[in-house]
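Structure record follows, encoded as structure tokens.
Both counts, for ligands and for their atoms, begin at 1 and track the order of listing.
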Amino acid sequence: MMMKCIYCLEDKPETSYRKTEHVIPQSFGVFKNNFTLNKVVCDDCNKYFGDNLEIDLARDTYEGHSRFEFNVKKPDGYKSYSKNSRIIIRIAEGPLKGTYAYREYSPDNNEIILKPTPQVGFKKLDSNEYEYYLLDGIPDKEYLEKNNFDLKHIQAIKAFGTDVNQLERKLKEKNISFKLVEEIVPPDKSDNLLCEIEGEIDSMRFRAIAKIGFNYLTFWQDTEFMCQASFDAIRRFIRYGEKTTYPLVRVIEKPILADEDSKRRRLGHLVTVNRAGDGMSIVSQVALFNWITYNISLARGYSGERRDIKKGHFFNTNSKEIYELETR
Ligand SMILES: [Zn+2]
């Protein structure tokens with residue numbers, strides 16, 4: 001008997017469907033009565049997703065980093081990207097305000113710690129705060145002078161995470177003189193430091209997120225429904241990275257749950273599917289760790305069989321329970 005895969009649409013024998021596809025990638029938690037797909041995603045597609053989309057999502061993204069913060073993953077599994085990370089962490093308060101940092105696993109404490117990225121800070125003549133620049137992004141002397149930075153007093157330049165000689169060389173190239181006054185050791189613990197995290201969202205991550213929404217709808221529907229041509233755009237984006245003229249995945253500012261704001265949110269993942277405002281299009285919303293909300297266009301202007309597809313679930317990362325969301 002041949003079976004159709006919802007991603008590559010190929011007809012394959014049952015022996016090509018040995019692996020289980022998880023609605024939420026296992027690297028983001030394994031839940032009780034977990035939502036899984038069997039015999040709908042072929043092993044080739046399953047492997048492709050595991051080796052590409054899921055690895056990408058789990059590692060160097062805000063959501064990937066959060067797995068360690070919220071204890072979904074043990075700290076010793078942390079892979080540091082140090083300054084090559086696409087995630088930029090900046091300390092948002094205290095004496096290190098404005099400095100750049102990266103996360104690294106510390107075997108001594110068995111935890112993830114924040115370390116300073118190599119950087120230099122300049123103080124403006126009329127301010128007590130420093131502006132920090134990564135070593136590759138140090139502005140020219142002319143720029144600094146024009147913008148009122150103090151280049152005369154040695155106290156007005158601060159450096160972190162870098163070898164003094166290396167920094168001196170870098171600054172000398174820019175005609176800026178620098179002398180080491182004292183070394184400041186940044187705190188080891190990241191627990192009580194408020195950080196701002198900036199990250200670039202790339203297509204790979206959007207595809208991984210879109211797959212969660214597509215898998216979720218598949219979990220509640222069936223192969224035939226999901227193989228309709230209305231889903232081809234999102235299907236080809238997830239499987240092959242093909243783009244369309246309209247954005248298939250967008251980040252929206254609003255939390256998914258109506259009673260939450262940007263400060264107070266339940267800890268876990270949220271996935272919903274619903275009709276869009278036009279009453280036709282099928283959309284999904286996904287928020288891993290209930291943080292960034294992604295809006296996924298699963299089937300724009302869907303005109304196939306009418307079904308009640310509205311659903312939503314909350315995946316509690318602490319209790320490992322999955323709860324159905326009440327819909328209004
Ligand atoms: Zn396939």
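- We find that Lys47 and Asp51 are joined by a salt bridge, their nearest charged nitrogen and carboxylate oxygen being less than 4.0 Å apart.
- Between Asp140 and Lys174 a salt bridge is recorded (basic side-chain N to carboxylate O distance below 4.0 Å).
- Electrostatic pairing of Glu10 and Lys4 does not count as a salt bridge here, judged by no charged N lying under 4.0 Å from a carboxylate O.
- Residues Glu21 and Lys211 are paired through a salt bridge, judged by an N-O separation under 4.0 Å between the basic side chain and the carboxylate.
- Taking a cutoff of 4.0 Å between a charged side-chain nitrogen and a carboxylate oxygen, Lys123 and Glu131 do not qualify as a salt bridge.
- Only protein N, O or S atoms were considered, and those under 2.8 Å from the Zn ion (ligand 1) are Cys5 SG, Cys8 SG, Cys42 SG, Cys45 SG.
- Between Lys12 and Asp44 there is a salt bridge, with a side-chain nitrogen of the basic residue lying less than 4.0 Å from a carboxylate oxygen of the acidic one.
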